[in-house]
**Student:** 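Before anything else, here's the structure in question.
Labels below follow one simple rule: chain letters A, B, ... track the order of the sequence lines, proteins then strands, and each chain is numbered from 1.
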Amino acid sequence: MQKQPITPKGIINNYGATFAFIIAIIFFSFASQGFFSGQNLQNILVQSTSLGICAFGLTFVLITGEIDLSYGGVIGLVGAVLAGMLKDGHSIGLVTVVCLAIGLGTGLLNAILIVVLNLPSFLASVAVMFICMGAERIYNQGVTTWIRDPSVLSIVQGSVGPVPLPVLYLFALFFICWFLQTQTKAGQYVRALGENISAVKEVGIRASLLKSGVFVFAGLIFAFAGYIEILRIGGAVMYAGSHLLLSVLAACFLGTATFKAGKANFPGTLIGAFFLYTLLSGFTALGMKFYLVPFAQGLILIISVAISSARRGKIEQVQF
Amino acid sequence: MGGQENIVIRTEQVSKSFPGVRALKELDFEVTRGEVHALCGENGAGKSTLMKIIVREYVEDEGNIFIEGHNVEGLGIRGVQELGLSIIHQELNLIPMLTVAQNICLGREPVNWIGKIDWKSMRKMAEEFLSEVTSEIDVENFVENLSISEQQLVAIARSLVTSPRILILDEPTARLDQKSSDSFFSFIERAKQKDLTVVYISHRLEEIYRICDRVTVLRDGKKIITEQINELPQTELVKYMLGREITQQVPKESVPIGEVKLSVKDLFPKEKGANINFDLKSGEILGIVGSIGAGKSEVARAIFGADPKKKGTISVAGKEVKINTPQDAIREGLALIPEERRDQGLVGNESVRKNMTMAALKKKFCVGPSWIQKDKEIEAVETSIRTLRIATPGTEQEVQFLSGGTQQKVVVAKWLMSDSSIYIFDEPTKGIDVGGKYDIYKLIVDLARQGAGIIFISNELMEVLSLCDRVLVMFNGQIIKGLETVATNREELLFYVMGGRDYAETANNSKGYH
Ligand SMILES: Nc1ncnc2c1ncn2[C@@H]1O[C@H](COP(=O)(O)OP(=O)(O)OP(=O)(O)O)[C@@H](O)[C@H]1O
Ligand SMILES: [Mg+2]
């Protein structure tokens, strides 16, 4: 009847990836001169923003027990439209609204396919991703468009005091998401929905509406992530989203290995995003050949997820 | 009882079909204010379906439903809740990773002005409703840490949150142990005094006679009769339910007891329990009883390798064996029929056939490495469906669409096919109808006659007393008593279940467990 006792094993199960993260930082700090400098740590923070933001959207969806990979296309489409419209001389206000509208639209499309038409979320969202990639290609004809207006770039490249703006956005959004999910009714229901949908329906909560809401909200977040990513780079590279596709997924799954064993959660995702870029930057600082970096990343992902699925494994073993 | 205004639930000619099944046929059903109305019938008779239609989770194909005189057509789940109706489902619909308080208040969380959940008043609200049924559960605890029995109490508390005037209880006691049932029944008594109307579904006849005023019997989706309970003898009630008579409660016969089959020495299950020692002989049916959290299932799961053990040795037929996983156990000829069928025994979206033959597939239905002999498989499944009277439209129906008790029968059938030599039954008759219980007892006795050793874990003391040869009483993780069933009675068992130490200085005490 008591809460779970705190045992060393329990801590590793629940916080496995967090430990791996801390160990990685310590390791890189000793192994490489440049790693533990303020400048480098700030770089890691800034570089992980769009990935982190995008991963928050995905985390929301994962909590409902679904998946949404459409960001792989949405980010690129938003970027292309953003750069293209600015080049055509539209005001940044209007462009921002259009970008968010794209997120809203793709979110709605996902909701219709997955919640209303009951398609499997993996396939449906991958389809939406391809549609967005197609639209991006049609819109920009495959040409990279640069953004040169400094006042626009300062939305992302500026800073408040010592804190770079994107980092501020990241933490603000983190706080909003965390608050929504853990402290409000709707957030509770989203979690409950992913765990046991009949329990939610039984008390009269409109589960489908809620799930649709999550897809739409995630779509908005993806669009915002694209917006930040493109302004941070300073131009819309072709298929910008597909570079993030797997790292965002990895950040979320690293997150499930952090804090709440086996469950997507926002603090976990945040750490997962930092972790990925720490590895990237650490390996680079060590002078590792660029083609070996994904290899090492993959290894570390496997290790930390393995640690924390120990607990889940035990639960699953029940189904003999 | 008075006129129309006293009828709180009324259904007129309600019919409902599922693919391959006509679940309800032109059903008329009435419940009057303030009564406890029992709903009886075999597994798959349509009890849960009727209740789900009344609370608007399902929509009827034909017919009308009135609650407090209102036609419920067009009303949603919330709508009927507002008419004062609340239901506790046969399935435990709780969210394991949320706390007790979060579960109880789900859908009704108190919030402050910015929409943040007010955790403090939520806690108070949860405590208030939980105290109606128990005072022994901490509302801050996570549901996944509770025993099944405790979870059921939480589910009951949750249904009270809407302050219902009509409460539908679909087999609430199937998961409760002796102690929790007692607190549950005193809750029902109090509720009756407050003029709450209760619809009560149960397969336990003694409970129905204890708390109900009237009873309605369903069979194959049709209403057979509605009657005052005290005007209907138990044998009659059973006859209405089954459409046939069963002569004897438990088909007990003496089976010769042979050599020691399973020997458990100094077993310390990891989860709960200490120093478990006992022997099981072939042909013997050994009961294990005990109250909430006494550690019965934990012992079973530790023996079977489903949970790790701290230490202890297990010998099968005199030879020490290593059992670390269920696979090891199955290889040594053990079978465990688990307690919570939905997450432990079945794959919901697979067919009856696949679920049933899962454990025995390789051993019995394969030639060569993995070539399945499908005709043989289907024949065996059909035989099981007949002997256990499993209510399914066919061998290919997905088990998630079967009624609660029917699913349980499928789990039992699965392990009976496995040709094991030691069977551990953990509450096998939970949620199973009177006829089905009888069929399962018969099968267990058959297994014993063929020389299997059987461990029978149950909360129903009467069933243990009449079926088993010996019974072990567990309390707080330990075996505190071993008794021969012929030389004991319900009172003595209950005494030990509650943790008593010395029932009488006379008989049996010196015999020990072996
Ligand atoms: N969602 C569903 N899809 C298909 N068939 C269903 C569904 N729900 C119930 N049935 C079928 O309807 C019939 C009645 O089921 P119901 O659950 O009402 O039985 P029950 O009387 O509650 O039985 P039990 O005592 O086992 O709980 C059964 O044959 C069952 O297989
Ligand atoms: Mg039922």
**Student:** How long is the span from the CD1 atom in I77(B) to the CD1 atom in I205(A), to the nearest 0.5 Å?
**Tutor:** 10.0 Å
**Student:** Do L98(B) and R191(A) have side-chain heavy atoms sitting under 4.5 Å apart?
**Tutor:** yes
**Student:** Of the non-hydrogen atoms in N93(B) and S198(A), which two are nearest, and what is the gap between them?
**Tutor:** OD1-OG, 3.4 Å
**Student:** Which bit of Q81(B) is near chain A, if near means a heavy-atom gap under 4.5 Å: side chain, backbone, both or neither?
**Tutor:** side chain
**Student:** Once rounded to the nearest 0.5 Å, what's the spacing between atom CG of N196(A) and atom CE of M97(B)?
**Tutor:** 12.5 Å
**Student:** Do any pairs count as a salt bridge (Lys or Arg N to Asp or Glu O under 4.0 Å) and have a residue in residues 208-221 of chain A, sequence neighbours left out, and if so which ones?
**Tutor:** E66(A)-K211(A)
**Student:** Does any part of the side chain of K201(A), heavy atoms only, come nearer than 4.5 Å to the side chain of E57(B), both counted from C-beta?
**Tutor:** no
**Student:** What are the two closest non-hydrogen atoms of W119(B) and T182(A), and how far apart are they?
**Tutor:** CZ2-O, 3.2 Å
**Student:** Between R158(B) and E202(A), does at least one N-O distance fall below 4.0 Å, as a salt bridge requires?
**Tutor:** yes
**Student:** Is any side-chain heavy atom of E195(A) less than 4.5 Å from a side-chain heavy atom of I95(B)?
**Tutor:** yes
**Student:** Could you walk me through whether E109(B) and T184(A) pass the side chain to side chain contact (heavy atoms under 4.5 Å, CB included) check?
**Tutor:** CA-CA 9 Å; E109(B) 295 87 347; T184(A) 69; over 6 Å; no
**Student:** Is the backbone N or O of R206(A) less than 3.5 Å from a side-chain atom of R78(B), with the two atoms forming a donor-acceptor pair by type?
**Tutor:** no
**Student:** Side chain, backbone, both or neither: which part of L94(B) has a heavy atom under 4.5 Å from chain A?
**Tutor:** backbone
**Student:** Considering residues at least two apart in sequence or located in another chain, which fulfil the ring pair (Phe, Tyr, Trp, His ring centres under 6.0 Å) criterion with F217(A)?
**Tutor:** F60(A)
**Student:** Distance check, rounded to the nearest 0.5 Å: K116(B) atom NZ versus K185(A) atom NZ?
**Tutor:** 14.5 Å
